[in-house]
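Shown next, in structure tokens, is the structure this report addresses.
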Amino acid sequence: MSDTDKQVLLEVKGLTMDFGGLRAVDSIDLSVSEGEIAALIGPNGAGKTTFFNCVTGIYTPTAGDILLHPKGKPTRRVNGSKPNKVTTLGMARTFQNIRLFPDMTVLENVMIGRHCRTRTGLTGAILRGAAARKEEQEIVEFSYCLLEKVGLDEFANEYSKNLPYGAQRRLEIARAMATEPFLLLLDEPAAGMNPQETTDLDALICRIRDEEQIAILLIEHDMKLVMNISDKIHVMEYGKKIATGTPNEIKDNPKVIEAYLGEEAEA
Amino acid sequence: MEYFIELFLGGLTRGSIYALIALGYTMVYGIIQLINFAHGEIYMIGAFVAYIVCGVLTIYGFHGVSILIIAGLLAVVYSCAYGYTLEKVAYRPLRNAPRLSPLISAIGMSIFLQNYVLLAQTPDFLPFPALIPDFEFMEPIAHIIGSPELVILVTTLVTMIMLTLLIKYTKIGKAMRATQQDMSMARLVGINVDRVISTTFVIGSALAAIGGVLVASYIGQVNFYIGFLAGVKAFTAAVLGGIGSVPGAVLGGLVLGLTESFAAGYISSDYEDVFAFGLLVLILILRPAGILGRATKQKV
Amino acid sequence: MKNLKQSLAVSLWFIFLTFPLMVVKVNTSDKIVQWRWMNILWVGLAIFLLSFVWRHALARKEARQMAAQSGQDDLNKPTRIQAMLEDQKLRTRAMFALLIVALAFPWVFDTYQSTIMISALIYVVLGLGLNITVGLAGLLDLGYVAFFAVGAYSYALLNHHFGLGFWTVLPVGGILSCLFGVILGFPILRLRGDYLAIVTLGFGMIIKVVLENWSDFSFGPSGIANIDKPSLFGLKMDIAASTTYIYYIMIALVILTVIVTGRLKNSRIGRAWIALREDEIACVAMGIDMARTKLSAYALGAFWAGMVGVMFAAKTTFINPASFTFMESAIILSIVVLGGMGSILGVILGAMILILMPEYLRAFSEYRMIIFGAAMVLMMIFRPQGIISNVRQKYQFKGLKEKTENV
Amino acid sequence: MKGFNLLLAALVACVTLATPTLAADTIKLGVAGPHSGDLAPYGIPAMKAAQLVVKKINAKGGVLGKQVELLIQDDQCKPEIATNTATKLVTQGADVVLGHICSGATKAALGIYKDAKIPVMSPSATNPGLTQSGDYPNFYRTIASDDMQAKLAVDFAIDKLGAKKVAVLHDKGDYGKGFAEFAKKFVDESGKAEVVLFEGITPGAMDYSSIVQKIRRVKADILIFGGYHPEASKLVAQMKRKRMKTAFLSDDGVKDVSFIKVAGAAAEGAYMTGPRDLSTIPLNAAATAEFKAAYGEDPGAFFQEGYSAAMALLNAIEKAGSTDYAAVTKALQTQYVETPVGKIKFDGKGDAEGVGFSVYQVKGGQFAELK
Amino acid sequence: MLRLQNIQTYYGNIQALKDVTIDIEEGEIVTLIGANGAGKTTTLMSICGITPPRKGEIAFKGSRIHQLKPESIVQLGICQVPEGRRIFPGMTVLENLDMGAFLRKDKAAIKTDLDMVFDLFPILDQRRSQLGGTLSGGEQQMLAISRALMARPRLLLLDEPSLGLAPLIIQQIFEIIKKINEESGTTIFLVEQNANQALKLAHRGYVMENGRITLVDKASVLLENDAVKKAYLGL
């Protein structure tokens, strides 16, 4: 798979983020293309999540450019845009520490994702006219379909806080997908999952890419998962990008092994 | 110019009382992120206990400074006891509850304590004896600053210095700071966090009691309701200065006191409270965490 | 034995604690000290017994929490009442019966009862309004009474100066309040929960001070009298008739509020409010405009306060700033919290209990407020989710049904 | 369904419990005022006065041969509660009402009594509009109105004390601000003095040092304050602290023993207006003695006025021979009655003729009437 | 010295540790390695009483400690240097060290220990009155270790001391850990992601995957074991 025939969706140039004196992210260049599953890996504290937060508008980066190229729409620079703006443009995310809405049902969590794609206002909600009812029906159906896709349909009316851990992670993915993104950012989707769940997740992510045509950028520590599904892997250490390549290239890259296992990795 | 100085000193006096009470709010908030709404009531109880002690001692024939000292001490002791019990009863069972719960509990406690004093004592205003003597040497400038104001300023200053020393150098002070900065790390170095929280309530209550006794003997009256407005103002001061920050509370108290004094003096006292809260809104718009408050970045 | 000792210690501590205030009463001008020794006994005895109950209740609460955590007991397991509420048929029947009781009320009971009920209904609407801001959107508002004042004064002033009638001003009052909600909302959008609390509290006080001082506008503390009662085709009504009339208007207003807030709660906007309350960051990351959502929550909460403020002015026919104190805000907030944040039925029950109980417990009138305060504390400790906890709407699917049947 | 029935039963029980039992044939005297909360000290003495009067009259055989029944209702001085209270009294069939205590609550309640044609007599609501506006034909009071007080105060300040510069303060309350506004008006009208300061202070504020400094700065000869004693005592205490010689003149709300108790030495020399000294009236002495015998302490605020109002109302019914509204009204306006506040009857607007104010000064810890 | 037996720890209703059994002998350096999210930090927090295990037993020198409060566990001589240093940012270096000795009353000995710590990390001596929050990452790590040493621990728990540090500094820190173990005989339980470094330092090692212990052996053996590499890189 070469990059040339695929359109680039997200392009990050020289992204830098300082916290006080600490440079958490140091001039990172990175791009994600259509139909790609890209992984961002690196030891703990390398700045991966900070990178995500900058890209999705939760932090305003110190320097650099974040460019979104939605299909058929003009390119947008989203540095410092509000997170909801970024999501509306078509880039949705999940969180490292699951951030569901615990006191809402599973279905409602997904329905929240539909918010930015629907229009019913106050009057619509109060009067419940035909248009509003129709839209509401559509939201419910769309969300329910998504739940079926991630295999949570039978829990639709449960409170999300009562779901098992792995299911909560999948719910977060469904919720993000409800915003109809063209690019999905997943922050450690496999964390806390057991091996079976991880395998299922593996398949789910590939399905999302193939069936929904959504490109994916994920942060992950589970190397098996990363190596299995990624088209391209970016490795970060100390806020800098130290390697980019296919899983095989990364596997044998001494710099990467060193980053993970420690300096003298002669073993 | 003299008028300016008068207003300045008046504002300083008022502000230093606000600061004393605000410290209780800010220290508690700093550690457990709770607005202790009933703190104003602790201040009131301090003043009331002092009133009762003074009354009894006067009637049984004690005189002068001894009354002041005994009444002040007992006021502090009782306020501390109330503060301690308050935390145990109304807040500790809610340590892990959602944020709104302890706040509602605090509002409930505030209503409870007010009415408790009302029922146990009286709804009337009671005359608080002027415990602070008029000093001879103050007489020439008595029209600018009276002895009670001087005593309030000096006492506050001394209290603040003592508090600073306590926080800075004593074991418990350090434990309080450590708990505030990182509660679970504090437990990891062996600090009994529950005890630190209790101590914080006790110290805050002591400061409030000192404020209560000073104010009551300055204006010469007590009533079950005096805690409410004082509490709201002091809380405003704490937020103004940056809640959680000890120097912030002092600064906030002084800024608020001076603002009110100058606003009343140069503009009109009709809108005294409007100026106070207007200033608060203004500062929070410019600095959402208060003057000396640190903006905490939420971890994602 | 250990319990006994502990209770003894606690009661001794409370005897010490309450000694100066409960036992000693001094009259400094007549130089009399009154020693009320009997109170020691009462305090000691009461606390001794209470400490047993307290410990027992705390232990039970803890046991339940532990059980819930290890998955043995579901904390969210619906209580019997809640299960009853979810039974659709029962619910319709209950609602129907309730409606009949409500409609028949003024014919069964005397005018006074209706008046009291009107007051309670006013608080029901206030509670439901604040429920939007606090219960659904999670924005703590300690100055809610300000919006109530805006509504009341809009009617009083428009009626006084321009002779506008109740029905004209009813929506106007709501809309004006709404505007105030937005104006207040703007500067505090960036503030976190606790800062919000003090600023809204300040706002409530500012409104009162302005009403007191700006005499040319608001007639100051002496207030506005002789406000017209709601008219019915220009009919002249005596007290009983007009009370009944107002009662029915209030019932209608409550029904309207219940329907509207109920619909909002389960709409796109309502979901956004709840999401905002649950997790602000996740909420914006899902594409929800925080500023807009917060402002709409403020504005809509304020709207109901404004409407019912108009009603209040029309009912009392006289208003002055003394009716709009912090205490009112605290009571409305308590209604929401005690009833159950976010739950419409809970808020209605909360309002009924908090407002009607004191009316019917005149004998305890002196102890009313102290009981009120204690109830708030106890409720938070032992039943923080309120009388009726919020339940989210369930959706039915054909596919789902089949699957669950297979399981 | 069982649960629901239970709920219904509970609701019904709740309401029936509160429904008043129909009483036998009696004359019903309603008493409304604050009996709980922070303003209770202003309402309870009048209530106790009514109880004493009724007890005495009932012992003598009642009114028109019927026993008098008291209907006591708490309004907490809040307008919204006062309307409920008034409705309750009306539904309970009150023939006449003694109350309410606060002007705001009275205003809110009066409309209800007016429609029900019940005469109302307040021992304490001094707002001038209550009688002068003509809106409330069923209203009477045994206390003089605020404008009379203000007039007296201003005349005293200008003529007796020779004040040229007058500072006027109030507590932003209904009563205090009303008094202060009248005082300002009368000073302006007199042409002999000027108002150099007119402001409201916040009740319950920590101190009033700024405003006191301001009074000194404008070099006022006298401070006229409208409000109640807690603020007044703070003001005089702070003025004394600042070694100021400005005279202090206030209203009836300050003429309370609490003022002397709380302000102590600072109260010395302060002037205030208040109902004429009643100690020479034998009935007053008797009523006070009665109270002391019953409760073992001095009666509080508005006791005499409440006592008088109860007497006046019941006397009017006796004289009218029925509880008919028109007859009672006529009796109130034509028949003099001896009361603790003097021999009174009521004018067409509802103010008592024969009730007046005097200026008092605190001398040696006592209120001394200045003739 | 320390024995964890079949402990199970939950966060809410998520099980983080599944039947974890670990033994640590006096004077040893034992390391627990594993990928991120395997449950290493939870293990330490369970030992310290911050997240007590729901099932299983923890014994220190023969007496059970899993029901004790954190402060009592510290009193017994178990000290932790938590992940991410957790320096008190608003306190000076000296005060931070003082906090380490919070439970100690022997003033003179504290003074000697302070000197010992400054000997160990001379850079801290220079920064005595600087605020903890203003130190660099490496300095903070040194401070965190020193703070724990100030309690005179019998058992020192170290959670990812190499996290976010430059290789040269990691080297330095690991040398000092070794020195602490050798000179004062302090038992050390080291949780690390940096497996090679940790295994080279330790006597024995445990490998953790998904909340379970999957391998136990001498460190030198593990160092050669491909399973370790697999646990990390999924190779």
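All heavy atoms count here, side chains included; hydrogens, waters and symmetry mates do not. The structure displayed is predicted, hence computed values, not measured ones. A, B, ... follow the sequence lines: proteins, then strands. Residue 1 opens every chain.
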Interface residue of largest heavy-atom contact number with chain C, from E80(D), K107(D), K114(D), H170(D), under 4.5 Å: E80(D)

Does some side-chain heavy atom of K208(C) sit less than 4.5 Å from a side-chain heavy atom of K172(D)? no

Does the side chain of T111(C) come within less than 4.5 Å of V90(D)'s, by heavy atoms? no

Gap between atom CG of N320(C) and atom CG of D174(D) - 0.5 Å precision: 6.0 Å

Contacts of residues 309-318 of chain C with chain D (heavy atom under 4.5 Å): F312(C), K315(C), T316(C), T317(C), F318(C)

With rounding to the nearest 0.5 Å, note down the distance linking OH in Y112(C) to OG1 in T85(D). 6.5 Å

Heavy-atom count around W214(C) CH2 within 6.0 Å, excluding the residue itself: above 12? no

Most chain C-contacting option - heavy-atom pairs closer than 4.5 Å, from G176(D), S103(D), G200(D), G173(D): G173(D)

Using non-hydrogen atoms only, which part of S119(C) is less than 4.5 Å away from chain D: side chain, backbone, both, or neither? side chain

Nearest 0.5 angstrom please: N84(D) CG to I118(C) CD1, how far? 8.5 Å

Are K177(D) and S215(C) close enough that a side-chain donor and a side-chain acceptor fall under 3.5 Å? yes

Would you mind checking which part of Y175(D) comes under 4.5 Å of any heavy atom in chain C, side chain (CB onward), backbone (N, CA, C, O), both or neither? neither

More than 12 heavy atoms of other residues, nucleotides or ligands under 6.0 Å from CD of Q366(D): is that the case? no

Pairwise distance NZ(K88(D)) to CG(D110(C)) - rounded to 0.5 angstrom: 8.0 Å

Can you tell me how far apart CG (D115(D)) and NZ (K229(C)) are? Round to the nearest 0.5 Å. 8.0 Å

